Amino acid sequence: MAETENRPTNFVRQIIDKDLQDGTHDHVQTRFPPEPNGYLHIGHAKSICLNFGLAEDYQGACNLRFDDTNPEKEDIDYVNSIKEDVNWLGFTWHEDVRYSSNYFPKLYEFAHELITKGLAYVDFSSQEEMREMRGTLTQPGKNSPYRDTTPEENTTLFEKMKAGEFKEGECCLRAKIDMSSSFMCMRDPVIYRIKFAHHHQTGDEWCIYPMYDFTHCISDAIEGITHSLCTLEFQDNRRLYDWVIENISAPAVPRQYEFSRLNLAYTVLSKRKLIQLVEENYVAGWDDPRMPTVAGLRRRGYTPASIREFCQRIGVTKMDNVIEVSNLEGCIRDDLNVNANRAMAVLNPIKVIIENYPEGQVEQLSAANHPNDESKGTRNIPFSREVYIEKEDFRVEANKKFKRLVLGKEVRLRNAYVIKAERVDTDEQGEVTTIYCTYDSETLGCDPADGRKVKGVIHWVSAAEGIEAEVRLYDRLFKVENPNGVELSEAINPDSLEVVNAIVEPNLANAEVGVAVQFERTGYFCKDPDSEGDNLVFNRTVGLRDTWANAN
RNA sequence: UGGGGUAUAGCCAAGUGGUAAGGCAGCGGGUUUUGAUCCCGCCAUUCGUUGGUUCGAGUCCAGCUACCCCAGCCA
């Protein structure tokens with residue numbers, strides 16, 4: 001019973017279960033088919049987790065296939081980054097990477113088959129003429145004057161197209177279906193166009209390239225894809241998908257099923273907007289930690305497991321949806337809470353001088369690397385007469401709800417002693433510059449012997465031994481929940497990046513790039529690759545849940 | 001009266017004729033040398049809406065409404 005509770009169920013799984021049960025299929029073969037014209041983002045991750053996840057759960061296989069039919073927009077750099085991201089997410093594709101371009105020769109033959117059957121023709125109409133003849137959503141289109149060219153003539157013409165005897169745009173190959181169909185994609189769709197473009201896989205071998213609708217279904221059939229999953233906007237295209245498979249000598253009959261794409265609040269996922277963010281320098285690049293790209297999330301400190309968990313939690317349906325950011329944040333917090341070691345770092349330092357602590361003395365205090373996991377061991381932290389604490393952890397006056405350091409009151413320094421604030425120095429503006437304290441030497445690792453209660457615990461770093469680090473605090477990139485219809489300049493959050501100079505415990509000098517660490521009471525962070533030598537840079541992945549701040 | 005889709009809590013999402021799972025967020029309380037974690041409890045008499053069928057409807061039927069997608073030689 002308990003085992004079935006965690007297992008995800010969704011309409012795709014129900015279809016697969018039924019297909020397996022009634023013998024439609026005896027195995028599951030899926031595919032993830034990105035076009036290599038951009039970086040993968042969290043929306044792609046949903047598709048990746050679905051396709052590869054299904055293959056894993058049903059002991060089937062998932063292909064990685066680059067849908068590379070538009071050489072003008074595609075680039076080998078993108079295929080490399082996509083492969084890297086899929087692997088990083090924790091998935092392994094079946095056999096070798098596939099490319100739609102692997103099938104160009106077969107696609108060309110299938111196009112000839114359609115021509116021979118009188119189901120495709122070469123059209124010399126201009127693009128404007130074609131648009132006019134297509135009709136509108138409420139009015140049927142008109143047949144092209146080239147629609148009744150004989151199969152023999154079309155065969156010759158198509159061969160000439162391939163031979164480069166026509167100019168780009170001069171003609172194209174169209175499927176002959178139905179100019180009055182209520183599905184616009186069935187009004188004699190273009191299936192081949194001329195492009196004298198260099199292709200990253202096939203070089204200059206071809207000057208004609210097949211269109212998506214013709215390519216995708218045939219590629220699926222060739223690869224023996226059983227369940228071809230794509231997003232909702234392809235629902236109409238399914239009619240064309242099925243038409244092509246029915247009208248060629250397809251080696252298999254794959255079926256397409258559509259699910260809703262991911263939308264994230266305060267985030268854009270459209271390729272166009274993402275490119276704009278990079279090109280207009282709203283962010284530092286595709287892997288800027290504020291970007292919803294897989295590369296950005298990785299640099300931000302998100303783990304593959306947390307992204308997989310997120311995709312699990314949001315489910316798979318056909319409903320339009322906008323996922324709240326808290327859902328993603330919850331996933332990374334859950335992961336890092338159990339897996340990240342703890343450390344202390346002071347982001348906005350104010351100095352504390354412990355006047356009754358011996359000058360020049362340095363103690364090495366032991367601290368647990370994880371409060372709930374002894375196996376993670378301990379580390380030493382230097383303690384001395386002068387330490388830094390967070391500015392916001394001190395107040396001259398405060399009510400009992402403020403469980404931190406107050407003038408005249410006590411607080412515990414995490415992993416160290418109880419101290420009491422005795423007096424302060426202030427500057428001309430009245431701002432506190434230094435806090436003078438005394439400490440209770442009998443409170444290391446235990447409560448005060450006289451039974452007095454010390455409620456608060458704050459973190460600290462020894463002034464002399466602490467090291468400086470640049471800390472990048474990220475906030476949402478957009479200030480509006482749905483930035484999609486809005487000008488970027490209007491929607492962008494001007495405070496999405498705050499850089500502070502922090503003092504961190506010396507152990508952090510040995511932090512590894514990308515490995516998460518919790519700065520206690522503050523959040524989860526990881527060392528950024530911008531770090532060089534002694535110049536430490538940390539990214540805040542996500543803050544700790546903060547009910548106190550929420551309540552105030 | 002173009003077609004294709006979708007409506008269950010603030011956000012996701014189970015539910016497949018037998019009396020509304022779960023997660024996120026939120027709200028109480030307990031533990032705590034992280035205002036974290038953890039633990040307990042609360043959070044839809046009602047499923048877009050109006051009718052109908054039925055002993056019984058979120059599930060079946062009919063009408064209505066709202067929202068999304070489609071008129072690239074993009075995918």
Side-chain angles (χ1 to χ4, degrees), chain A residues 5-6 8-10 14 33-35 37 67 69-70 72-73 123 126-127 130-131 134-141 168-174 180-187 189-195 208-209 211-213 215-216 230-239 258 260 265 271 310 312-331 333-334 337-338 342 344 367-368 370-372 401-404 411-416 418 443 445-447 454-459 518-523 543-552:
Chain A
E5 278 174 21
N6 284 333
T9 176
N10 60 51
Q14 289 172 353
E35 183 186 14
N37 69 343
D67 213 338
T69 57
N70 190 353
E72 289 165 339
K73 292 188 174 172
D123 196 326
S126 68
Q127 286 196 53
M130 276 184 56
R131 195 186 333 113
R134 190 151 33 227
T136 68
L137 295 177
T138 52
Q139 289 168 260
E168 266 185 39
E170 190 174 349
C171 60
C172 61
L173 184 70
R174 290 227 263 170
S180 64
S181 174
S182 50
F183 294 101
M184 296 302 294
C185 66
M186 297 297 266
R187 319 247 264 223
V190 172
I191 56 175
Y192 260 95
R193 77 287 217 193
I194 300 169
K195 278 179 192 290
I208 55 171
Y209 290 92
M211 298 287 288
Y212 165 83
D213 286 301
T215 308
H216 203 91
C230 62
T231 44
L232 252 30
E233 63 271 26
F234 292 99
Q235 288 175 121
D236 286 359
N237 299 249
R238 188 176 65 242
R239 277 69 185 187
E258 311 87 14
S260 52
K271 210 157 276 181
F310 172 71
Q312 188 95 195
R313 287 187 191 180
I314 61 176
V316 178
T317 68
K318 298 172 86 115
M319 294 190 242
D320 288 335
N321 60 81
V322 182
I323 307 293
E324 291 178 345
V325 180
S326 63
N327 215 313
L328 221 205
E329 292 178 337
C331 293
R333 286 196 187 108
D334 283 356
N337 175 49
V338 336
R342 314 284 127 127
M344 292 199 287
H370 192 110
N372 310 318
K401 287 204 149 190
F402 186 79
K403 301 195 300 176
R404 306 180 188 184
V411 78
R412 169 168 302 275
L413 293 180
R414 174 79 166 152
N415 298 126
V418 169
T443 55
C446 61
D447 287 329
V454 178
K455 256 311 219 172
V457 181
I458 63 174
H459 60 277
Q518 184 194 103
F519 291 177
E520 286 193 293
R521 302 210 310 131
T522 303
L544 253 32
R545 197 159 157 271
D546 193 346
T547 49
W548 192 74
N550 289 161
N552 288 267

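Residue numbers start from 1 in every chain, and the chains themselves are labelled A, B, ... in the order their sequence lines are given, proteins ahead of strands. Predicted, not measured: the structure shown is a model, and the values here were computed from it.
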[X] side chain: which of [options] is closest?
| X | options | result |
| --- | --- | --- |
| A:R414 | B:U34, B:C73, B:C12 | B:U34 |
| A:Q235 | B:C24, B:G4, B:G35 | B:G4 |
| A:E520 | B:G4, B:U34, B:A75 | B:U34 |
| A:D236 | B:A71, B:A75, B:C70 | B:C70 |
| A:R239 | B:C70, B:G5, B:A36 | B:G5 |
| A:N321 | B:A7, B:A36, B:C12 | B:C12 |
| A:T9 | B:G35, B:U34, B:G15 | B:G15 |
| A:N372 | B:G5, B:C70, B:A36 | B:A36 |
| A:T547 | B:A14, B:G35, B:C73 | B:G35 |
| A:Y212 | B:C12, B:A36, B:A75 | B:A75 |

Donor-acceptor pair (no angle test) under 3.5 Å: [X] side chain, [N] base:
| X | N | result |
| --- | --- | --- |
| A:R412 | B:U33 | yes |
| A:R404 | B:G35 | yes |
| A:E258 | B:G5 | no |

OP1 or OP2 of [N] under 4.0 Å from side-chain N/O of [X]:
| X | N | value |
| --- | --- | --- |
| A:R545 | B:G26 | yes |
| A:R521 | B:U37 | no |
| A:Q139 | B:G3 | no |
| A:R134 | B:G72 | yes |
| A:K195 | B:C74 | yes |
| A:R193 | B:C74 | yes |
| A:N550 | B:G26 | yes |
| A:R238 | B:C69 | no |
| A:R187 | B:A71 | no |
| A:T317 | B:U6 | no |
| A:S182 | B:G4 | no |

Stepwise side chain to side chain contact (heavy atoms under 4.5 Å, CB included) check, A:R412 with A:D447:
CA-CA 10 Å; A:R412 169 168 302 275; A:D447 287 329; 4.3 Å; yes

In terms of the nearest nucleotide of RNA chain B, which residue is placed more toward the 5' end: A:K318 or A:F234?
A:K318

Considering heavy-atom distances to RNA chain B, does A:M211 or A:V316 have its closest nucleotide positioned more toward the 5' end?
A:V316

Could you tell me whether [X] contacts a base, only the sugar-phosphate backbone, or nothing, with contacts defined as non-hydrogen atoms closer than 4.0 Å?
| X | answer |
| --- | --- |
| A:G169 | base |
| A:E329 | nothing |
| A:A549 | nothing |
| A:F310 | nothing |
| A:P140 | nothing |
| A:D67 | sugar-phosphate |
| A:T231 | nothing |
| A:V322 | sugar-phosphate |
| A:I323 | sugar-phosphate |
| A:G445 | base |
| A:N327 | base |
| A:I314 | sugar-phosphate |

Calculate the interatomic distance between [X] atom [atom1] and [N] atom [atom2]; express it in whole Å.
| X | N | atom1 | atom2 | result |
| --- | --- | --- | --- | --- |
| A:F183 | B:G4 | CZ | P | 5 Å |
| A:N70 | B:G72 | CG | C1' | 10 Å |
| A:M186 | B:G3 | CE | C1' | 12 Å |
| A:Y192 | B:C74 | OH | P | 14 Å |
| A:D320 | B:A13 | CG | P | 10 Å |
| A:D213 | B:A71 | CG | P | 11 Å |
| A:N337 | B:U34 | CG | P | 13 Å |
| A:Q127 | B:C74 | CD | C1' | 11 Å |

State, with a plain yes or no, whether a side-chain heavy atom of [X] is found less than 4.5 Å away from one of [Y].
| X | Y | value |
| --- | --- | --- |
| A:L544 | A:Q518 | yes |
| A:P189 | A:D213 | no |
| A:L413 | A:I458 | yes |
| A:D123 | A:V190 | no |

Closest approach of [X] to [Y] (non-hydrogen atoms, all atoms of both residues):
| X | Y | value |
| --- | --- | --- |
| A:S260 | A:M319 | OG-O, 2.7 Å |
| A:R187 | A:S181 | NH1-O, 2.5 Å |
| A:C185 | A:N237 | SG-CA, 3.9 Å |
| A:H459 | A:E520 | ND1-O, 3.6 Å |
| A:M184 | A:T136 | SD-O, 3.8 Å |

Which one of A:T69, A:I208, A:N70 satisfies the side chain to side chain contact (heavy atoms under 4.5 Å, CB included) criterion with A:K195?
A:N70

When the P atoms of B:U45 and B:A20 are considered, how many whole Å apart are they?
11 Å

Starting at the 5' end of RNA chain B, what dot-bracket string do you get if Watson-Crick and G-U pairs under 3.5 Å are bracketed, crossing pairs use [ ], other-strand pairs use | and unpaired bases use dots?
.(((((((.[[[..)..(...]]].(((((.......))))).....[[[[[..)....]]]]])))))).....

Per the O4'-C1'-N9-C4 / O4'-C1'-N1-C2 angle with a 90° window around 0, B:G72 comes out syn

